[in-house]
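Note sheet for the following structure.
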Amino acid sequence: MSRAYFSYLETGLGFSLLSWQEDKLRAFILPQKSKEKALSMFQKQARFSFYLRPQEKVPFPSLEERVQNYFEGYPVSFTTYPFYLDDLPPFTREVLKATALIPYGKTITYGQLAEKIGKPRASRAVGRALGQNPLPLLIPCHRVTARYDWGGYSTYGLRFKILLLSIESRPNPGGSFSPFV
DNA sequence: ACTCGATGTCTTA
DNA sequence: TAAGACATCGAGT
């Protein structure tokens, strides 16, 4: 297995962490209060057995800037970057690839996403798969909601999901947002 | 507003 | 291979 790397990104909301492998994005941690917190979340999820040293620069042009712009309220797309999803189960990959196509500011339901990948009864499986998303925000799983309520956002909590959706529902940048209350 | 059954995929043992 | 976990859904009350 080829080597993976990571770097911290400083945003208006705190410290994110980005990991990559084979020139593809492998993992992303939504902004945390400290680098240590972001790192511990990364280690818990990625289950890497080897130690990684943070890199100075992210080898993806303008990605850092886009993330920062996003949290300042600007509409930003991440679909131009390659995702490393190779070690995920096939169904999970399909769900995430379809999720990546949901445009900024739009939402669909778990059921609609299930239909989109040709498994109309798999809404619940879709939700379960989204919970495995290694690239939240970049693969916008927060734009998938339940039919009658917000749905879930297991690893970061529903607050964070609603925060992301509220950012995207505001056309005016410059407002202050905080998931830590 | 609430229960409850059917549902697909993945992990674990 | 069987059981259990789930970020669901819709019908019935």
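Note that the structure is a prediction, hence the values are computed from the model and not measured. Letters go in sequence order (proteins before strands), and every chain restarts at 1.
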Lys161(A) side-chain N/O to Tyr156(A) backbone N/O, donor-acceptor pair under 3.5 Å: no

Using a heavy-atom cut-off of under 4.0 Å over every strand shown, decide if Thr92(A) touches base, sugar-phosphate, or nothing. sugar-phosphate

Are side-chain N/O atoms of Tyr70(A) and Ser77(A) paired as donor and acceptor at under 3.5 Å? no

Of all nucleotides in DNA chain C that come within under 4.0 Å of a heavy atom of chain A, which is furthest toward the 5' end and which toward the 3' end? dA5(C) to dG10(C)

Earlier contact from the 5' end, DNA chain B, for Gln132(A) and Ser123(A): Ser123(A)

Which is true for Ala122(A) with a 4.0 Å heavy-atom rule: it touches a base, it touches only sugar-phosphate, or it touches nothing? sugar-phosphate

Looking across every strand, which nucleic acid part, if any, lies under 4.0 Å from Gly111(A) by heavy atom: base, sugar-phosphate, or nothing? sugar-phosphate

Distance in angstrom units between Tyr110(A) OH and dT7(B) P, rounded: 21 Å

I'd like to know if the side chain of Thr92(A) and the backbone of Leu88(A) have a donor-acceptor N/O pair within less than 3.5 Å. no

Take the protein atom CZ of Arg121(A) and the nucleotide atom P of dG8(B), then report the distance between them rounded to whole Å. 8 Å

To the nearest Å, give me how far apart CZ (Phe91(A)) and C1' (dT7(B)) are. 11 Å

Partners passing side chain to side chain donor-acceptor pair (under 3.5 Å) against Ser154(A) (at least two apart in sequence or in another chain): none

Would you indicate whether Gln55(A), at its atom CD, is surrounded by more than 12 heavy atoms from other residues, nucleotides or ligands within a distance under 6.0 Å? yes

Distance in angstrom units between Leu96(A) CG and dT9(B) C1', rounded: 13 Å

Donor-acceptor pair, side chain of Arg143(A) and main chain of Ile102(A), under 3.5 angstrom: yes

Salt bridge or not between Glu22(A) and Arg3(A)? Use side-chain N to carboxylate O under 4.0 Å. no

Hey, which of these two, Tyr148(A) or Gly151(A), hits DNA chain C nearer its 5' end, going by closest nucleotide? Gly151(A)

Have a look at Tyr153(A) and tell me which of Ile162(A), Asn133(A), Leu164(A) forms a side chain to side chain contact (heavy atoms under 4.5 Å, CB included) with it. Leu164(A)

Okay, side chain of Tyr74(A), backbone of Arg66(A): is any donor-acceptor separation there less than 3.5 Å? no

Stem regions touching DNA chain B, defined by at least 3 consecutive Watson-Crick or wobble G-U pairs below 3.5 angstrom: B:1-6 with C:8-13, B:8-13 with C:1-6

Arg124(A) CZ to dC10(B) P, in whole Å, measures 15 Å

